[in-house]
Amino acid sequence: EIVMTQSPDILSLSPGDRATLSCRASQSVTSNVAWYQKKPGQAPRLLIFGASTRATGIPGRFSGSGSGTDFILTITSLQIEDFAIYYCQQYHNWPPGVTFGPGTKVDIK
Amino acid sequence: QVHLVQSGAEVKKPGASVEVSCKASGYTFSIYTIHWVRQAPGQRLEWLGCINADNGDSKISQDFQGRVKLSRDTSAKTVSMELSSLRSEDSALYYCAKDGAAVYPAYWFDLWGQGTLVTVSS
């Protein structure tokens with residue numbers, strides 16, 4: 001199974017700051033990584049797929065980069081509504097299919 | 001508007017089965033694969049499997065082989081997930097999610113249901 005790890009566990013930042021979230025795969029997943037935002041009581045929201053392609057309707061302050069085993073989600077100029085948990089997901093091969101990282105919580109400093 | 005609407009919360013005893021349904025609207029149901037993902041308290045998201053809404057073919061995670069059954073009703077635009085031999089560790093929020101790519105699944109998810117809480121308790 002491909003294991004996804006994320007760092008840091010918690011990122012404490014202020015509105016207007018830049019957030020840099022990391023995700024690492026236990027083996028190469030080429031560019032088969034997606035990022036999701038999750039808020040309490042809500043379903044996950046797709047932000048990025050293919051490591052760097054923004055999903056429909058996602059603001060330009062969200063960007064993704066990386067390939068192979070190391071990936072980054074960047075949020076430039078954090079807005080109040082961006083404080084949430086962010087999960088990366090790989091979908092490289094079958095089996096085993098899809099696995100998610102443990103999440104990074106972005107909270108208000 | 002594109003929506004996935006799931007059935008309501010369930011409370012089950014250990015050893016029982018639970019069925020969760022997911023009704024799609026606002027898009028062409030048959031050309032997108034539907035996936036099932038769960039999240040137990042304090043745990044990461046976990047993929048259970050997926051079903052081709054057109055032909056009904058399913059793929060189940062190895063961790064859930066033999067316990068998860070997926071089905072679909074194309075006339076009702078509804079997909080269902082049955083999880084059997086329930087144990088306390090199966091208590092979680094269960095989501096259905098639409099694949100982001102038409103016809104051939106890409107295994108990333110651009111639309112999620114609201115979630116169904118399943119509680120397993122004696």
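Bear in mind that the values here come from a model prediction, so they are computed numbers and not experimental data. Values below: every heavy atom of this structure, side chains too, minus hydrogens, waters and symmetry copies. Chain identifiers are assigned alphabetically (A, B, ...) following the order of the sequence lines, protein sequences preceding nucleic acid strands; residue numbering begins at 1 within each chain.
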Joint hydrophobic cluster, [X] plus [Y], side-chain heavy atoms closer than 4.5 Å:
X	Y	value
A/Ile72	A/Leu78	no
A/Ile108	A/Leu11	yes
A/Ile10	A/Met4	no

Margin query: Using a 6.0 Å cut-off, check whether atom NZ of B/Lys77 has over 12 heavy atoms from anything other than its own residue.
Written below: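 No - once you tally the heavy atoms of other residues, nucleotides and ligands closer than 6.0 Å, there are 12 at most.
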Check: Is the NZ atom of B/Lys23 crowded by more than 12 outside heavy atoms at less than 6.0 Å?
Finding: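 Above 12, so yes.
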When the side chains of residues 47-63 of chain A are checked against the rest of the protein, which donor-acceptor pairs come out under 3.5 Å, sequence neighbours left out?
from	atom 1	to	atom 2	distance (Å)
A/Arg54	NH1	A/Phe62	O	3.0
A/Arg61	NE	A/Asp82	OD2	2.8
A/Arg61	NH2	A/Asp82	OD1	2.9

Notebook entry, point to check: Quick one: which residues of residues 111-122 of chain B reach chain A at under 4.5 angstrom, heavy atoms only?
Noted result: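 Answer by number: B/Trp112, B/Gly113.
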Note to self: Give the interface residues of residues 25-45 of chain B toward chain A, defined by a heavy-atom separation under 4.5 Å.
What the structure shows: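 Result: B/Val37, B/Gln39, B/Arg44, B/Leu45.
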Notebook entry, point to check: Is the side chain of A/Gln89 donor-acceptor paired with the backbone N or O of B/Tyr107 at a distance under 3.5 Å, no angle test?
Noted result: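 Yes.
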Check: A/Tyr36 side chain to B/Asp110 main-chain N or O, any donor-acceptor pair under 3.5 Å?
Finding: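 No, because the side chain of A/Tyr36 does not come within donor-acceptor range (under 3.5 Å) of the backbone of B/Asp110.
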Next item on the list: Considering only heavy atoms and a distance below 4.5 Å, find which of A/Gly103, A/Pro102, A/Ala43 pairs most often with chain B.
Entry: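 Winner by heavy-atom pair count: A/Pro102.
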Checklist line | A/Asp107: salt bridge (charged side-chain N to carboxylate O under 4.0 Å, His left out) partners, not counting sequence neighbours | finding: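 Salt bridge (charged side-chain N to carboxylate O under 4.0 Å, His left out) check on A/Asp107 returns nothing, list empty.
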Item checked: Test item: B/Phe109 and A/Leu46 side chains (from C-beta on) under 4.5 Å apart, heavy atoms ->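 When only atoms from C-beta onward are counted, A/Leu46 and B/Phe109 do not touch, as no gap falls below 4.5 Å.
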Item checked: Over all atoms of both residues, closest heavy-atom pair of A/Tyr91 and B/Ala106 ->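 Here A/Tyr91 and B/Ala106 meet closest at CD1-O, 3.0 Å.
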